[in-house]
A.B. asks: 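Structure incoming, see below.
We name chains A, B, ... by the order of the sequence lines, and we start the count at 1 in each one. Since the structure is predicted, the reported quantities are computational estimates derived from the model, not experimental observations.
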Protein chains: 2
Amino acid sequence: MKPTIKDVAKIASVSISTVSRVMNAPDTVVENKKKRVLDAIEELKYKPNALARGLIYKKTHTLGVVIPDIRNPYYADIIRGMEDASKKSGYSLIICNTDTDGNRLFSYLNTFYEKQIDGLLYTSNPIFPDYYKELKRLRMPVVLVATHSMEYELPSVKINDEQAAYDATQFLIDSGHRNIGMISFDLGDSIAGQTRYQGFVRALRENNLELKRDNIFFVSEYFHDPYDAAESLFRQSSGLTAVFAVSDVLAMGVLSYLNEKGVAVPNEVSVVGFDNIRLSAFTVPKLTTVAQPMYQIGYRAVEKLHALINGEADPVLREIVPHEIVVRASTGRL
Amino acid sequence: MKPTIKDVAKIASVSISTVSRVMNAPDTVVENKKKRVLDAIEELKYKPNALARGLIYKKTHTLGVVIPDIRNPYYADIIRGMEDASKKSGYSLIICNTDTDGNRLFSYLNTFYEKQIDGLLYTSNPIFPDYYKELKRLRMPVVLVATHSMEYELPSVKINDEQAAYDATQFLIDSGHRNIGMISFDLGDSIAGQTRYQGFVRALRENNLELKRDNIFFVSEYFHDPYDAAESLFRQSSGLTAVFAVSDVLAMGVLSYLNEKGVAVPNEVSVVGFDNIRLSAFTVPKLTTVAQPMYQIGYRAVEKLHALINGEADPVLREIVPHEIVVRASTGRL
DNA sequence: GTGAAAGCGCTAACAA
DNA sequence: TTGTTAGCGCTTTCAC
């Protein structure tokens, strides 16, 4: 059995309250007793039971995080940022993959509720009314990560997706491209789908470029094969000199497909991705992409949640972090 | 405040013991009271507090997992396997990144101990004597994932790394290659470093091929830039017609470097990687690699830990799962 | 079949 | 300064 506070008290010949005190208010106990207790703790290698503590404080120093799928490298970076921030603030992270499945999500929320997590990090998916209702009911402090909500007053951290897509497209246009393809997330995804699509469309419009229906191929966010997506796009469109893919993984599919078909990148077709995952620096050719500060998004989200939990005022509810076009070798001037 | 068992009892006009019973031994309570309780539970949306339960049962249904770095896509797949198996068995996963730093590890083990986790999933690093001592002292059920220990009687799940590296090398030799380079993990890493190196060496030896010191470049496992590694290898060796990189990420560095230098893959140099991460199917050219069943490794590890926690006998202590050479386009016959 | 009471490991009044 | 006691939310004897 693990040693308990009683064991320590016995060895140190004090009451358990005194032991508790040396742990929580050391100054209130006289020096020699304190030493005895400390020695006993050391001898037994005693560590307080966090369950018992949590029961009293109503705090578990544990945060729940829901993400679509950890295998997506984009999330891995976010998680790492969360982890480092959590360590700093004394939290542990329980991580759950939802596959963007509402049932899985609700099941996990239930677990989180029972386990008395202090707060929730909700990543990358839209907040539907029933989700919000449930969160509200469970009274769970939550911050939205790489997603946000205009309907509800929920704190969030993300980039400006519309502007980022606009910038990527404008970059391509500035490089002389006039017939640009896009691999977009489904418009049912209001966070990374609609927004980036709108940014793309706005750039075309502001440059008086025609928006061709066939130049855009939509994928359902998480399960579409990137190679197939590229193939589909090129099958339905014609004469593209550039393609903007809304994730680096998708862009890698394009690179792979183009290579297979003997199309030179960037000489014949330019490719720009989105996210700037680590591996995008090692593609062939190296990928030009819209960089998101994934790590910082995760880090900041935890700081925000921490503030929320402690009732501290947070000046900005919907926080926007900067994106940046990273120009590498997959794009060229026409 | 969250509703407690007392609130339910009050509404149902029964004692808290009866409420407890309908949750844990429904048959022992008479039908009409049971209904009243169930209705009250439904009305309040009552869920039992897992902390209070854990305090009694001495079980938290929470597992700790330590990995070097979640950003390494190799681990992401393992984690996902763990997650799915955990969901099946009713566990939650607390995930921590150690950066292979002993201090970070000990700090997390401490947290795990306080939080009363049911067991530990220890991933991918050697077990040093002091680690083992600590684990032993904490009486933490543990299974080693993608690592193992010959010194200690610890359950584990991994592939046969030596054989896998041997197979990869033999494949290259069978394809006519005689001057093969290797990017290896440091030999200080007894799990993925030494073993794969030995497999490589054995293949050369059995084929009467000379082992050239300069054909091998060592990287410290987690922080070496893959592009740099490739550059270093080709700088120190000469006339290589193939290179075996001990991870797909490293192999992508080789692909990227070779492309940059105008060296054709596989026509001039063949490249084989290790792991078969998802993105290795979308490299240019598509990567030939040694596939590990990452997902299954994670999945199996949780099953094994679950059995261990419940004192069930597990026939094989050190479990070896199969690997496989996946031949794609980055290798060719000489 | 059901409730009262003890106890899981700890903290926090409250007295002394 | 210190110990005694009640209580966090729950389960589980033990009487009835």
A.B. asks: Is it true that the side chains of B/Arg53 and B/Asn49 contain a donor and an acceptor less than 3.5 Å apart?
C.D. replies: no
A.B. asks: How far does the helix from C/dG1-D/dC16 to C/dA16-D/dT1 bend, going by the axes of its first and last five pairs, to the nearest 10°?
C.D. replies: 50°
A.B. asks: Output a table of donor-acceptor pairs, distance under 3.5 Å, between side-chain atoms of residues 3-11 of chain A and any protein atom two or more places apart or on a different chain; print 'none' if there are none.
C.D. replies:
{"unit_1": "A/Thr4", "atom_1": "OG1", "unit_2": "A/Lys6", "atom_2": "N", "d": "3.2"}
{"unit_1": "A/Asp7", "atom_1": "OD2", "unit_2": "A/Thr4", "atom_2": "N", "d": "2.7"}

A.B. asks: List the residues meeting salt bridge (charged side-chain N to carboxylate O under 4.0 Å, His left out) with B/Glu151, not counting sequence neighbours, and say none if there are none.
C.D. replies: none
A.B. asks: By salt bridge (charged side-chain N to carboxylate O under 4.0 Å, His left out), which residues pair with A/Glu319, not counting sequence neighbours?
C.D. replies: A/Arg300, A/Lys304
A.B. asks: Do A/Lys115 and B/Thr62 have a side chain donor and acceptor closer than 3.5 Å?
C.D. replies: yes
A.B. asks: Summarise protein proximity over nucleotides 8-16 of chain D in one line of letters, 5' to 3': B for base, S for sugar-phosphate only, - for none, counting protein heavy atoms closer than 4.0 Å.
C.D. replies: BBBBBB---
A.B. asks: Of all nucleotides in DNA chain C with an atom under 4.0 Å from a non-hydrogen atom of chain B, which is the first and which the last going 5' to 3'?
C.D. replies: C/dG1 to C/dG9
A.B. asks: If we ignore hydrogens and angles and just use 3.5 Å, is the side chain of A/Arg21 paired with the main-chain N or O of A/Thr28 as donor and acceptor?
C.D. replies: no
A.B. asks: Indicate the ring-plane relationship of A/His61 and A/Tyr91, choosing parallel, tilted or perpendicular according to the 30° and 60° boundaries.
C.D. replies: tilted
A.B. asks: Can you tell whether the side chains of A/Asp84 and A/Arg80 come within less than 4.0 Å, N to carboxylate O?
C.D. replies: yes
A.B. asks: Counting only heavy atoms from other residues, nucleotides and ligands, does the tally under 6.0 Å from NZ of B/Lys136 exceed 12?
C.D. replies: no
A.B. asks: If you compare all heavy atoms of B/Arg318 against all heavy atoms of B/Met150, which two are closest, and at what distance to 0.1 Å?
C.D. replies: NH2-O, 3.7 Å
